[in-house]
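Just so it is clear, the values below take in all heavy atoms, side chains as well, and ignore hydrogens, waters and symmetry mates.
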Amino acid sequence: SLSSGSFCLFVIVIGSILIILASLFLFSYSRKLMWQVYTNKKSKYWKWNWVCLIIVLASLVYFLLVSSIELLISTIFNISNQTTYFYYSKTINSIFLFAYLIFMFFTFIYFNGSYKVWESFNSAFKLIKRKWSDLWKAFLFIMLTAGAYSFITYFIQKAMIYQPEFNRA
């Protein structure tokens, strides 16, 4: 009936919200413990919740931005080959993922020192701007290493496909 269906939907929505909140609390608690062990400094748990929540919301915005850029570039260059699109998409996603992880790490570093959420984001952006001449070299090295790893594993995987013991279902 309609009432049992709406009750089921209500339970699913409330359960999903509770699972998401519990995941956020556990993630922020793990960050607090990790940075507390790393720096030997005590910190307040509730501020870690705020910085992690803002990072999650920023990552959603960042995901939408990266997806829009990827869609725009794929339509501009009219990539019709499925394999080419896959490797292009994988490359673009890894570039933006590494950039985001570097930003997130800088944000956590500054937050651990100041325990001010918005100041941490501002300081992370300032550090990236100030140290860009060093960061782009490290970022390029990360991308070249990831590319070399992908290139090597591609040929190993291609060679393994033709081995009889790997084709058994």
[atom2] on [Y] to [atom1] on [X], rounded to 0.5 Å:
X	Y	atom1	atom2	result
Ile12	Cys8	CD1	SG	4.0 Å
Ile55	Leu24	CD1	CG	10.5 Å
Ser23	Leu18	OG	CG	10.5 Å
Ile14	Phe10	CD1	CZ	4.0 Å
Arg31	Asn49	CZ	CG	13.0 Å
Lys116	Lys47	NZ	NZ	7.5 Å

May I ask you to test the [X]-[Y] pair for a side-chain heavy-atom distance under 4.5 Å?
X	Y	value
Leu127	Tyr110	yes
Leu140	Trp136	yes
Ser123	Ser114	no
Phe125	Phe106	no
Phe27	Val56	no

Examine Phe121 and Trp46 and state if one hydrophobic cluster contains both, with Ile, Leu, Val, Met, Phe, Trp and Tyr joined whenever side-chain heavy atoms are less than 4.5 Å apart. yes

Same cluster or not: are Trp132 and Met104 linked, directly or through other Ile, Leu, Val, Met, Phe, Trp or Tyr residues, by side-chain heavy atoms under 4.5 angstrom apart? yes

Exceeds 12 heavy-atom contacts within 6.0 angstrom, atom OH of Tyr45: yes

Is it true that atom NZ of Lys41 has more than 12 heavy atoms of other residues, nucleotides or ligands lying nearer than 6.0 Å? yes

Kindly assign one of parallel, tilted or perpendicular to the pair Phe98 and Phe139, based on the angle between their ring planes and the thresholds 30° and 60°. perpendicular

Mutual orientation of the aromatic rings belonging to Tyr62 and Phe96 [parallel < 30°, tilted 30-60°, perpendicular > 60°]: perpendicular

Assess the pair Trp48 and Phe111: is the distance between their ring centroids shorter than 6.0 Å? yes

Mind checking what makes side chain to side chain donor-acceptor pair (under 3.5 Å) contact with Tyr100, not counting sequence neighbours? none

Check the pair Tyr29 / Leu33 against side chain to side chain contact (heavy atoms under 4.5 Å, CB included), numbers first and verdict last. CA-CA 6 Å; Tyr29 187 67; Leu33 288 178; 3.2 Å; yes

